[in-house]
Amino acid sequence: MTDRAASRTSHASHDRARTTRHNAENWMFLLEAARDLRTTGAIAPSGKALARALTDPIRARAPHPLAVLEVGAGTGPVTRALILRLSRGSRLDIVEANPRFAARLRRLVTTHQALTDLTDLTDRAARVTVHETRIERLETDQRYDVIVSGLPLTNFPPTQVERVMARYLELLHPGGTLTYFAYLGTRRARALTASRAEARRHAAVDEIMGTYQRTYATGRRTVYANIPPAYVWQLRRPFVSATEDQFEPRPDRARR
């Protein structure tokens with residue numbers, strides 16, 4: 001077999017493996033959505049375009065080593081994009097409450113080929129860690145340069161949204177970036193189909209998120225090449241100043 005033929009065979013084998021993995025992840029995500037759509041938030045994993053948009057803050061800070069936190073990683077489409085973009089010496093903590101997703105993420109961390117660009121194989125566990133817990137319960141003294149959130153916040157009770165957003169700001173370094181997404185069209189769809197109680201819940205969550213966006217947002221872009229299309233928001237924790245108290249996350253402020 002010539003070198004060219006061997007290369008074609010290798011590429012074809014890699015493509016088949018990638019397709020098989022992609023199909024398996026889609027089925028797994030669909031099954032988890034069927035179990036609990038509220039916490040899964042969608043019926044399909046994030047697409048490549050959305051993953052690229054969510055990880056833009058890492059690219060903007062390259063090639064410096066970063067401390068990065070991913071929350072609500074699911075089957076790992078954004079995790080793969082993060083691993084590809086992180087510089088050597090970076091730290092990636094992954095928080096996933098779903099035990100089946102967490103198990104799959106651990107396998108991804110130990111087998112993903114791009115991980116060798118992030119750290120030596122012997123240092124793998126020290127650099128990338130999967131935490132099977134909720135972000136509100138994560139016990140850490142670490143502060144992060146970038147937090148990437150995949151949580152379906154619009155599905156959560158307002159009190160939980162307040163706790164999660166306050167926790168994000170607490171975990172960011174001053175000047176650090178939070179990036180997250182929200183699907184387009186959900187407000188109109190809920191207005192047509194939701195009960196009164198559900199409509200009130202969603203309006204309260206919108207008010208909370210709107211307060212954080214007005215206070216901390218530095219940008220928003222629309223990703224149409226995703227199912228469904230989504231907004232990607234970037235929020236930044238202000239730098240510490242003499243009036244640091246005004247930047248402390250106060251969930252009660254979001255209710256006013």
Novice: Set out, in order, the CA-CA distance, both residues' side-chain angles and the distance that settles side chain to side chain contact (heavy atoms under 4.5 Å, CB included) for Tyr183 and Thr154, then state yes or no.
Specialist: CA-CA 9 Å; Tyr183 292 126; Thr154 55; over 6 Å; no

Novice: Please report the shortest heavy-atom distance between Arg143 and Thr140, naming the atom on each side.
Specialist: NH1-O, 3.9 Å

Novice: Got a sec, which residues hit side-chain hydrogen bond (donor to acceptor under 3.5 Å, both in side chains) with Arg236, two or more places apart in sequence or on another chain?
Specialist: none

Novice: Run the side chain to side chain contact (heavy atoms under 4.5 Å, CB included) test on Thr177 and Arg61 for me, step by step, so that the C-alpha distance in whole Å, both residues' side-chain angles and the decisive distance to 0.1 Å come before the verdict.
Specialist: CA-CA 11 Å; Thr177 298; Arg61 294 167 182 251; 3.3 Å; yes

Novice: Any side-chain heavy-atom pair from Val68 and Ser90 closer than 4.5 angstrom?
Specialist: no

Novice: Atom CG of Asn226 and atom OH of Tyr231: how far apart are they, to the nearest 0.5 Å?
Specialist: 14.0 Å

Novice: When you check the gap from the basic side-chain N to the acidic O, do Asp56 and Arg85 get nearer than 4.0 Å?
Specialist: yes

Novice: Taking atom OG1 of Thr211 and atom CE of Met165, what is their separation to the nearest 0.5 Å?
Specialist: 10.0 Å

Novice: Looking only at heavy atoms, what is the nearest atom pair of Val95 and Leu138, with distance?
Specialist: CG2-CD2, 3.9 Å

Novice: What distance do Leu69 atom CG and Tyr144 atom OH have between them, rounded to the nearest 0.5 Å?
Specialist: 5.0 Å

Novice: Identify the heavy atoms of Ala81 and Thr55 that sit nearest to each other, and give their distance.
Specialist: CB-CG2, 4.0 Å

Novice: Taking side chain as C-beta onward, heavy atoms only, is Tyr180 less than 4.5 Å from Val148?
Specialist: no

Novice: If we ignore angles and hydrogens, is there a donor and acceptor under 3.5 Å between the side chains of Arg220 and Gln213?
Specialist: no

Novice: For the pair Arg106 and Glu132, find out whether any cationic side-chain nitrogen is under 4.0 Å from an anionic carboxylate oxygen.
Specialist: yes

Novice: At what distance, to the nearest 0.5 angstrom, does CZ of Arg201 lie from OG1 of Thr159?
Specialist: 10.5 Å

Novice: Measure the shortest side-chain to side-chain distance between Leu92 and Arg127 over non-hydrogen atoms and say whether it is less than 4.5 angstrom.
Specialist: no

Novice: Would the distance check show the side chain of Arg237 and the main-chain N or O of Leu169 forming a donor-acceptor pair, the cut-off being under 3.5 Å?
Specialist: yes

Novice: Kindly indicate, with the supporting measurements, whether the criterion side chain to side chain contact (heavy atoms under 4.5 Å, CB included) is fulfilled by Tyr168 and Val71.
Specialist: CA-CA 10 Å; Tyr168 283 162; Val71 184; 3.6 Å; yes

Novice: Minimum heavy-atom separation for Tyr212 to Ala166, with atom names?
Specialist: OH-N, 3.7 Å

Novice: To the nearest 0.5 Å, what is the distance between CG on Leu54 and OG1 on Thr179?
Specialist: 4.5 Å

Novice: Enter the distance from Ile135:CD1 to Leu171:CG here, rounded to the nearest 0.5 Å.
Specialist: 5.5 Å

Novice: Looking at every heavy atom in both Glu96 and Asn98, which two are closest together, and how far apart are they?
Specialist: OE2-N, 2.9 Å

Novice: Looking at every heavy atom in both Leu105 and Ala73, which two are closest together, and how far apart are they?
Specialist: CD1-CB, 3.7 Å

Novice: Please step through side chain to side chain contact (heavy atoms under 4.5 Å, CB included) for the pair Arg52 and Arg59, ending with a clear verdict.
Specialist: CA-CA 9 Å; Arg52 284 194 299 270; Arg59 179 182 55 81; over 6 Å; no

